[in-house]
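Reading through the structure tokens given below for one structure.
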Amino acid sequence: MNDVQEGLRQRVREALEEIARVKGVAVECPELVFEKPKRENQGDLSTNCAMQMCKVFGESPRALAEKIAAKVAADPYLDRVEVAGPGFINFFLSSKWMGEVLADILDKGERYGARDLGKGRRVQVEFVSANPTGPLHVGHGRGAAVGDIIANILAFTGWSVEREYYINDAGLQMDILGRSTQSRYFELDRPARSTGTGSSAPGCPSDAPFPEDGYKGEYIHDIARAIRDQEGDRFLSMPLGESHPFFKAFAVRNILDTIRQILADFGVRFDVWFSEKSLYERDLVPAAMEALKVNGFAFEKDGAVWFKATDFTDEKDRVLIRSNGVPTYFASDITYHKEKFDLGFDRVIDVWGADHHGYVPRMKAGVEALGRSPDDLDVLLIQFVNLLRDGEQVAMSTRSGQFVTLRDVLDEVGVDATRYFFVMRRSDSHLDFDLELAKRQSSDNPVYYIQYAYARVCSVLREAKARGVAVPDARPTGSAYCSDEEKRLLSRLAEFPDEAEKASRELAPHVIANYALALAGDFHSFYNAHRILGEEEEVMNARLLLVQAAGTVLRSALALLGISAPERM
RNA sequence: GCGCCCGUAGCUCAGUGGAUAGAGUCACAGACUUCGGAUCUGUUGGUCGCGGGUUCGAAUCCUGCCGGGCGCGCCA
């Protein structure tokens, strides 16, 4: 579509310039907008330029449109050109164009639709980054799906992509995690003690009280048991302060292993797991603070170090280093982002929960204060997931430790449906996730609808082979496709590169999800309306090529979504 | 109080300056003797939260209000 579009754009521009020359008016030609009209009787491509430019020319929109149309009509890629409505110019593409689209798909295969927007520039996508204090829940799952799929889309459109998980393993919460685990360890039943063998009887549960704001989930008990299985009861007689580092480290490692595993099962792989603690171990935080001071965006007051947020859009300045010497989270984050850019990334994308939206301007200000353009950082906000079962909301409460984990959802509905449901809506809108619907294997489940289309493609090609029919090598001629269903399907296939580009520019996975669904629908309609095998040879060959092309693009779209493309279901 | 996001068919949502606002779902009625019926075709459904403004043209941009969500710490 794009080459044809570019050609048309050029011809229309030339037409406008020529008209301007004849009339003797100076014209600054703006970027001409071409789009696919909503209705089929409005052609395959449309431009509104006559309406935009008519004032300059002193003509009515329709009159100008007619002049332009007359000048560009003679084109092998066009069947006809119409002026419609208030002054739209509608282009009806010819079969030559359809044949070339098909040839393009068959030539490029899985590379069809790939664009080079990134030109090889490096982008880092940081996502999930859940604190290692408990298992991932459904909200993290949505972030995982969105981040992973955005990374796929960026890679497909020419960016060099790295996926990163930021581990918040510094700070108070880690201490609380360690103490929670300690406490559970002391609470474990110990038969040896109940028989009265311990003379000094160390290690009563009351020796290690559960912290006020401790982590109450069942998984902490599991970790405590794992520690006893591995280390025995030796910590019971050790001062709490002495054993605490072990508990902390063990718990973090254990939880991170669990997180790594669930993400792997979800089809998400990270290139880098970046530790917040390492920022401190490498003394990067003071260096970053120094950089801010040098740039004039940090100062000392009341014994603390402040960020001059009021130089940006913030209403008050923000603390970086507390008066007690402990850095704030903001200081970590600025340092972390400095490190990202220092490592050579041209662009950084953070995927955050929408509850952090108030933090976005501050983070961007931080990036700017480091000397980068705030546009080098994109922050993508992910809205909450509303989990439903048969339309009824599933109760979730993090406070009580009663939340639905990503593992629960994966076990129940599977990877493919979960991924699709997480990205089927715009990321910044609330998502209703109906567990029963996601599990259903019928037409109202979009995942199966799409996969079924692909399985049908494979089935036809299998059957063709079984009958000794080969998919022809010859280039198809577009004129072989004259039915509405075939044209619609071809037109949809032609849209794929534009959709991929749009998804990449807008960081919007749902564009691909919706596209895949629409493509599957067009294929199903085509399939039901027309036979393929057993038709007269020329027709059969043309349709086989169309089926193969549809399969190729379906596979590409599913690959971007990280969803399997089953040959049989 | 200030700031951000959202409000579109009964329900879940696309559509962010264009033509008669679209899908899915629900309900009903239909469709291959042959390539997979997990499919297809059709019908029903709208003051685009409300008012004003900008524009040749507004669901889309501006503004006021109403309703919902979230955020505003020397917390993480």
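Computed from a predicted model, the values in this text were never measured in an experiment. The chains referred to below are lettered A, B, ... by the order of the sequence lines, with proteins before strands, and numbering in each begins at 1. These values consider heavy atoms only, across backbone and side chains, with no hydrogens, waters or symmetry-generated copies.
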Considering every strand and a 4.0 Å limit on heavy-atom distances, what is the contact class for A:Gln42: base, sugar-phosphate, or nothing?
base

C1'-based separation of B:G22 from B:G18 [nearest Å]
15 Å

What contact category does A:Ser429 fall into here, base, sugar-phosphate, or nothing, at under 4.0 angstrom with non-hydrogen atoms?
sugar-phosphate

Side-chain N or O of A:Ser46 versus OP1/OP2 of B:G18: is the shortest distance under 4.0 Å?
no

Taking side-chain contact (heavy atoms from CB on, under 4.5 Å) as the definition, give me every residue that meets it alongside A:Thr47, ordered by chain and number, with sequence neighbours left out.
A:Phe34, A:Cys49, A:Ile89, A:Phe91

In Watson-Crick or G-U wobble terms, with both distances under 3.5 Å, the base opposite B:C72 is B:G1

Compare side-chain N and O positions of A:His524 against OP1 and OP2 of B:C35 and report whether any pair is under 4.0 Å apart.
no

Report yes or no: is there a donor-acceptor pair, N or O only, under 3.5 Å between the side chain of A:Asn90 and the base of B:A19?
yes

How far does the P atom of B:A14 sit from the matching atom of B:G7, given to the nearest Å?
8 Å

Distance below 4.0 Å between A:Arg362 side-chain N/O and B:G71 OP1 or OP2
no

With centres under 5.5 Å and planes under 30°, do A:Phe88 and B:A19 count as stacked?
yes

Using heavy-atom distances to pick each residue's nearest nucleotide on RNA chain B, tell me which of A:Gly358 and A:Ala84 is more 5'.
A:Ala84

Quick check on RNA chain B: between A:Met51 and A:Lys316, whose nearest nucleotide comes earlier from the 5' end?
A:Met51

Answer yes or no: side-chain N or O of A:His357 and base N or O of B:G3 forming a donor-acceptor pair under 3.5 Å.
yes

Between the base of B:A76 and the side chain of A:Thr328, is there a donor and acceptor pair under 3.5 angstrom?
no

Distance criterion of 3.5 Å, no angle test: do you see the side chain of A:Ser323 paired donor-to-acceptor with the base of B:C74?
yes

For B:A27, which nucleotide is its Watson-Crick or G-U wobble mate, given both distances must be under 3.5 Å?
B:U43

Nearest to the side chain of A:Arg462 - B:G36, B:G73, B:G18?
B:G36

In Å, rounded to the nearest 0.5 Å, how long is the span from CD of A:Glu368 to CG of A:Asp375?
9.0 Å

Has A:Arg426 got a side-chain N or O lying under 4.0 Å from the OP1 or OP2 atom of B:G15?
yes

Hey, what's the ring geometry for A:Trp352 with A:Tyr359, parallel, tilted or perpendicular (30° and 60° as the breaks)?
tilted

So, A:Asp44 and A:Lys36, do they make that salt bridge, N to O below 4.0 Å?
no

Are A:Lys38 and B:A21 close enough that a side-chain N or O sits under 4.0 Å from OP1 or OP2?
no

Please measure how far the P atom in B:U63 lies from the corresponding atom in B:C2, and state the result in whole Å.
15 Å

Between B:U43 and B:A23 - P atom distance, rounded Å:
10 Å

Between B:G10 and B:U44, how far apart are the C1' atoms? Round to whole Å, please.
12 Å

Charged N to carboxylate O under 4.0 angstrom, A:Lys487 versus A:Asp484?
no

What about A:Phe307 and A:Phe312, are their ring centers closer than 6.0 Å?
yes

Which one, B:G36, B:C35, B:U20, comes nearest to the side chain of A:Ala455?
B:G36

Regarding B:G71, can its base be found pairing with the side chain of A:Asp355 as donor and acceptor, where the two atoms are less than 3.5 Å apart?
no

